[in-house]
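The structure appears below as structure tokens.
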2 protein chains.
Amino acid sequence: MQSERVSEAVIRRLPRYYRHLLQLKADGVERISSGSLAQQMRLNASQVRQDFNCFGGFGQQGYGYKVDVLLAEIKNILSLNGKYKVVIVGAGNIGQALAHFEGFEKDGFSVVALFDVDEKLVGQEINGKPVLHVDKLDAYIRENGADIGVIAARRSAAQEIADRMAQAGIGGIWNFAPVDVVASVPVEQVHMSDSIICLSYKMAHKETAE
Amino acid sequence: MQSERVSEAVIRRLPRYYRHLLQLKADGVERISSGSLAQQMRLNASQVRQDFNCFGGFGQQGYGYKVDVLLAEIKNILSLNGKYKVVIVGAGNIGQALAHFEGFEKDGFSVVALFDVDEKLVGQEINGKPVLHVDKLDAYIRENGADIGVIAARRSAAQEIADRMAQAGIGGIWNFAPVDVVASVPVEQVHMSDSIICLSYKMAHKETAE
DNA sequence: TAGATTGTTAATCGATTAACAATC
DNA sequence: TAGATTGTTAATCGATTAACAATC
């Protein structure tokens with residue numbers, strides 16, 4: 001399957017399925033129907049089945065879906081079986097917080113190095129990971145084959161960092177700078193400030209989750 | 001206008017317009033047409049006009065939009081003219097990073113206090129903001145009238161914190177825990193791990209920004 | 001006035017939801 | 001077999017895009 005391009009809307013739901021199935025498995029649930037899953041996740045049963053069938057038929061008619069099978073399939077679709085080497089550019093607040101955050105390890109994302117221009121930071125270690133000068137970024141990626149580059153630098157530096165990362169052969173970019181960077185490799189823009197601004201809007205216009 | 005409910009898709013674009021217009025103003029641009037704006041933001045000109053007309057006619061036929069007028073209108077729609085008092089629950093990596101981050105101040109979001117269960121943290125200051133025991137959360141909100149509550153705690157504590165915040169009269173919740181919390185006030189879920197997982201998907205399936 | 005560009009209605013496109021035959 | 005639930009096609013709904021009259 002997946003002859004057709006999978007829509008962004010479906011892709012955005014995949015991590016939610018993944019998280020929810022992890023929880024179900026942890027709770028000892030062995031099988032689940034599209035109906036129950038939809039109810040728990042506040043989705044529509046048809047939508048759940050449509051989503052899964054973008055990638056193949058993982059269920060059994062009359063029975064439902066085996067939680068461990070479905071989880072394994074989605075984990076595979078999301079490509080979460082391997083290890084990803086992550087480099088972080090910008091060892092300020094966000095960069096340091098990400099370097100300390102253990103939550104990504106369990107999905108295979110390991111921070112291997114940080115980069116900064118600040119000479120006071122260069123040479124130090126953050127949570128056991130070295131902080132290198134940003135001039136070494138390109139060489140480091142080429143020599144060590146980093147998979148994901150995190151941009152936790154100021155807005156004005158973001159695009160140049162993205163260019164250098166892509167040029168050096170990074171696999172993908174996770175951008176925390178408040179600007180949309182463009183690259184020849186996949187980019188995920190985080191835009192945290194957009195998120196709190198949307199909250200401000202919703203508060204002013206009293207939009208409550210149902 | 002805004003007789004009809006504004007769709008989530010439009011709301012999500014509002015912070016992008018806001019950011020882009022701030023930049024245009026900083027660059028000294030005085031007026032802009034929907035066509036140019038659409039081109040710069042990689043949107044469609046009709047879409048830009050439709051979006052703005054959810055809230056009223058801010059343009060002049062034959063002329064376009066005055067950047068400062070449009071900016072002021074959108075800032076107002078987003079309710080970014082006032083000040084928001086922000087409390088952060090969880091003074092770990094994320095909580096501390098947010099307390100240090102200066103970027104939100106310019107949009108009117110000021111962190112006033114952090115809360116944690118860890119006795120080693122309670123009583124300290126982070127970037128000049130006090131860390132209080134989480135037991136004091138409810139009383140603090142009631143007495144000081146916090147507007148936004150940030151949940152930067154572990155997954156298992158998130159929903160209870162949300163309940164307490166809402167009960168104590170918080171205006172809105174910004175949730176960084178990897179679980180969808182439900183509340184009687186507006187909630188923005190951040191789900192950072194979903195974002196990096198989507199990146200993993202896109203890398204595996206070679207989806208590049210055009 | 002003529003030219004440009006909005007505001008707004010209509011057409012298209014895509015995503016969600018419903019329906020149901022296939023089948024475990 | 002009968003009941004349940006999927007996989008998949010069809011219908012609906014909403015968002016995006018196109019078209020164009022209004023008007024600055």
Side-chain angles (χ1 to χ4, degrees), chain A residues 1-17 21 24 29-74 77 198 201 207 210, chain B residues 1-17 21 24 29-74 77 198 201 207 210:
Chain A
M1 328 287 147
Q2 199 182 354
S3 38
E4 310 274 314
R5 198 189 154 287
V6 177
S7 79
E8 185 74 14
V10 174
I11 296 171
R12 292 279 150 205
R13 280 193 292 272
L14 291 175
R16 291 188 57 202
Y17 290 123
L21 288 164
L24 285 177
V29 178
E30 285 185 2
R31 69 161 185 165
I32 192 152
S33 68
S34 59
S36 317
L37 189 58
Q39 193 169 33
Q40 290 167 17
M41 295 182 64
R42 301 173 176 231
L43 298 172
N44 175 290
S46 284
Q47 186 171 46
V48 169
R49 295 200 298 277
Q50 290 273 33
D51 285 353
F52 294 162
N53 280 93
C54 292
F55 304 99
F58 306 142
Q60 288 169 253
Q61 279 151 324
Y63 176 88
Y65 299 86
K66 286 201 170 174
V67 170
D68 56 359
V69 170
L70 191 54
L71 180 59
E73 291 284 1
I74 289 180
I77 290 162
C198 283
Y201 175 90
E207 274 195 41
E210 72 284 3
Chain B
M1 327 289 147
Q2 201 187 352
S3 39
E4 309 274 315
R5 199 190 155 286
V6 178
S7 78
E8 185 74 15
V10 174
I11 296 171
R12 293 278 149 205
R13 281 193 292 272
L14 291 174
R16 291 188 57 201
Y17 289 124
L21 288 163
L24 285 176
V29 178
E30 285 185 3
R31 70 162 183 162
I32 191 151
S33 67
S34 58
S36 319
L37 188 57
Q39 193 169 34
Q40 291 167 17
M41 294 183 65
R42 303 175 174 225
L43 297 172
N44 175 291
S46 285
Q47 185 172 47
V48 169
R49 294 201 298 279
Q50 291 272 34
D51 284 354
F52 295 162
N53 280 92
C54 291
F55 304 98
F58 306 142
Q60 288 169 254
Q61 277 149 324
Y63 176 87
Y65 299 86
K66 287 200 167 172
V67 169
D68 56 357
V69 171
L70 191 54
L71 180 60
E73 291 285 0
I74 290 182
I77 290 162
C198 283
Y201 175 89
E207 274 194 42
E210 72 284 7

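Below, read A as the first sequence line, B as the second, and so on, with proteins coming before strands; counting in each chain starts at 1. These numbers come from a predicted model, not from an experiment. What's counted below: heavy atoms across the whole structure, side chains too, no hydrogens, waters or symmetry copies.
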Protein-nucleotide distance ([X], atom [atom1]; [N], atom [atom2]), rounded to Å:
X: A:Tyr63; N: D:dG7; atom1: OH; atom2: P; answer: 13 Å
X: A:Glu8; N: C:dA15; atom1: CD; atom2: C1'; answer: 13 Å
X: B:Leu37; N: C:dT5; atom1: CG; atom2: C1'; answer: 14 Å
X: B:Asp51; N: D:dT17; atom1: CG; atom2: P; answer: 10 Å
X: A:Phe58; N: C:dT23; atom1: CZ; atom2: P; answer: 19 Å
X: A:Arg49; N: C:dA18; atom1: CZ; atom2: C1'; answer: 10 Å
X: A:Arg12; N: C:dA15; atom1: CZ; atom2: C1'; answer: 16 Å
X: A:Asn53; N: C:dC20; atom1: CG; atom2: P; answer: 19 Å

Quiz item: If you write DNA chain D from 5' to 3' in dot-bracket form, with Watson-Crick or G-U pairs under 3.5 Å, [ ] for crossing pairs and | for pairs with another strand, what do you get?
Solution: ..||||||||||||||||||||||

Exercise. Tell me which of A:Ser46 and A:Gln61 sits closer to the 5' end of DNA chain C, going by the nucleotide each one is nearest to.
Key: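 First, find each residue's nearest nucleotide; the 5'-ward one identifies A:Ser46.
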
Quiz item: Which sits closer to the 5' end of DNA chain C, B:Gly64 or A:Gln60, going by the nucleotide each is nearest to?
Solution: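 The residue whose closest nucleotide sits nearer the 5' end is B:Gly64.
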
Check every strand shown and say whether [X] touches a base, only sugar-phosphate, or nothing at a heavy-atom separation below 4.0 Å.
X: A:Arg31; answer: nothing
X: B:Tyr65; answer: sugar-phosphate
X: A:Gln47; answer: base
X: A:Ser33; answer: sugar-phosphate

Quiz item: So, do B:Arg13 and B:Met41 sit near enough that their side-chain heavy atoms are less than 4.5 Å apart?
Solution: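 The answer is no, as the side chains (C-beta and beyond) never meet within the 4.5 Å cut-off.
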
So which heavy atom on [X] is nearest to which on [Y], and how close?
X: A:Pro15; Y: B:Cys198; answer: CG-SG, 3.7 Å
X: B:Val48; Y: B:Ser34; answer: CG1-CB, 4.1 Å
X: B:Ala38; Y: B:Asn44; answer: CB-C, 3.6 Å
X: B:Ile74; Y: B:Phe52; answer: CD1-CE2, 3.8 Å
X: B:Asp51; Y: B:Val10; answer: OD1-CG2, 3.6 Å
X: B:Leu14; Y: B:Ile77; answer: CD1-CG2, 4.1 Å

Exercise. Give a yes/no on whether any side-chain N or O of B:Asn44 is located under 4.0 angstrom from OP1 or OP2 of D:dT16.
Key: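 No.
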
Quiz item: Are OP1 or OP2 of C:dT5 and a side-chain N or O of B:Ser34 less than 4.0 angstrom apart?
Solution: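 No, no such contact exists.
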
Practice problem: Record whether the side chain of B:Gln50 comes under 3.5 Å of the base of C:dT9 through a donor-acceptor pair of N or O atoms. | Solution: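 It does, because a donor-acceptor pair links the side chain of B:Gln50 to the base of C:dT9 below 3.5 Å.
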
